[in-house]
Number of protein chains: 2
Amino acid sequence: MLSKKTKYGLKALTFLASQPDREPVQIAEVAKQENISQKFLESILLTLRRNGFLGSKKGKGGGYYLIKEPKDIQMTSVMRVLEGPIAMVPCVSLNFYEKCDDCPNEGVCSVNKLMLKVRDANLEVYRNTTLADLIS
Amino acid sequence: MLSKKTKYGLKALTFLASQPDREPVQIAEVAKQENISQKFLESILLTLRRNGFLGSKKGKGGGYYLIKEPKDIQMTSVMRVLEGPIAMVPCVSLNFYEKCDDCPNEGVCSVNKLMLKVRDANLEVYRNTTLADLIS
DNA sequence: TATTAATCTATAAAAACTATAGGGTTAACA
DNA sequence: TGTTAACCCTATAGTTTTTATAGATTAATA
């Protein structure tokens, strides 16, 4: 299951990417337009800012805005920040590899074998999709 | 993240598929060999039996055994039974479709767009992988 | 037929994670 | 300097996942 955090984060990113100029948009505005709990969205936008996707401006006329071009934002990085590792098990993760403590031999593990394929398939999708591809 | 339920279920299936004949194997034996909490495994094997993957035999000399040939067990069905819908959001699910209540228009939803691709990629993997492919 | 070995059933507790809410702080701007 | 809106911290309700407990039921066998 995709977490609401990721879902909301993606929606917010596309919303900001769709803004004519890169004028700051207030949290409340995004929350209202996209039907998102404002407080929850607040924390999501914050992590997106901390991870270099968004900029922010305080005070009157402030808000959040996209920093990079939508075509330069790969889904790999978005998913990793919002949803966590792309691999479904740590033992097939590229960026967060960890050995399973219950599994004596990775080479003959059926879970490992299957999840390796799944990881590759997902990576293929995420690498070849940018934020620009998701805007209608 | 893959649930332990799915992980253990897959391991149990491969273990049973690796048995020379299709002699019943006791839960305790599977649990020990694969490092799985026995009672948890018990409930997993039960759902695998109820869904037509396994047969069981009670009493002395009893246990669980594979019903179908490993090459006839597609990962699509295994994953659906153990992990649930393959789609990460209900609005792109083939077998469990549901409209998002917060999303006014599926056609212009970025989450929908992305998760549709992901679903297809995963289906491709699961459809083309059988239990036989996971045995070393 | 008594015993044993195993599956079956139900429940509940513990742990982990998810989603949301409240309230105070800080920076920008008019 | 007052107002606005992002920032930050904490708490909590709710849900899901995983494990544990206790016993009932079934079938083989001696």
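As the structure is a prediction and not an experimental result, all values here were calculated from the model. Chain naming here is simple, since letters A, B, ... match the order of the sequence lines and numbering starts at 1 in each.
Under 4.0 Å is where a charged nitrogen must lie from a carboxylate oxygen, and between B:R22 and B:E69 at least one such pair does. Ion pairing of B:E42 with B:K39 is present here, as a side-chain N (NZ or NE/NH1/NH2) and a carboxylate O approach within less than 4.0 Å.
If you take CD of B:E42 and C1' of C:dT7, they are 7 Å apart, rounded to a whole angstrom. With rounding to whole Å, B:I44 atom CD1 is found 8 Å from D:dT18 atom P. Rounded to whole Å, the distance from CD1 on B:I36 to C1' on D:dT19 is 13 Å. We find that CG of A:D102 is positioned 12 Å from P of D:dT18, with the value rounded to whole Å. Rounded to a whole Å, the CE atom of A:M1 is 18 Å from the P atom of C:dC17. Between the CD atom of B:Q26 and the C1' atom of C:dC8 there is a distance of 16 Å, given to the nearest Å. Per the geometry, NZ belonging to B:K5 stands 9 Å off P belonging to D:dT18, to the nearest Å. What separates CD of B:E83 from P of D:dT17 is a distance of 8 Å, to the nearest Å.
OP1 or OP2 of D:dT17 has not a single side-chain nitrogen or oxygen of B:Y8 nearer than 4.0 Å. For C:dA6, neither phosphate oxygen OP1 nor OP2 lies less than 4.0 angstrom from any side-chain nitrogen or oxygen of B:S56. In this structure, A:Y65 does not reach the D:dA6 phosphate: none of its side-chain N or O atoms is under 4.0 Å from OP1 or OP2. Note on A:R50: a side-chain N or O is less than 4.0 Å away from OP1 or OP2 of D:dC8. Close to C:dC17, at under 4.0 Å from its OP1 or OP2, lies no side-chain N or O of A:S3.
Residue A:Q33 qualifies as enclosed at atom CD: its count of foreign heavy atoms under 6.0 Å is above 12. More than 12 heavy atoms of other shown residues, nucleotides or ligands fall within 6.0 angstrom of atom NZ in A:K68. The neighbour count for B:E98 CD, taken as heavy atoms of other residues, nucleotides or ligands under 6.0 Å away, does not exceed 12.
Counting only heavy atoms from C-beta on, B:K60 has its side chain closest to D:dT29 among D:dA20, C:dA30, D:dT29. Of the candidates C:dT9, D:dA27, C:dA27, D:dA27 carries the atom nearest the B:K58 side chain, counting heavy atoms from C-beta on. Comparing D:dT19, C:dG23, C:dT20 by their nearest atom to the side chain of B:F40 picks out D:dT19.
Heavy atoms of A:I27 sit under 4.0 angstrom from primed sugar atoms or phosphate atoms, though from no base atom.
One can find a donor-acceptor pair under 3.5 Å joining the base of C:dT9 and the side-chain atoms of B:K39.
Comparing B:L2 and B:G61 by the nucleotide of DNA chain D that holds the closest heavy atom to each, the one mapping nearer the 5' end is B:L2. Each of A:K4 and A:G59 has a nearest nucleotide on DNA chain C; the 5'-most of these lies closest to A:K4.
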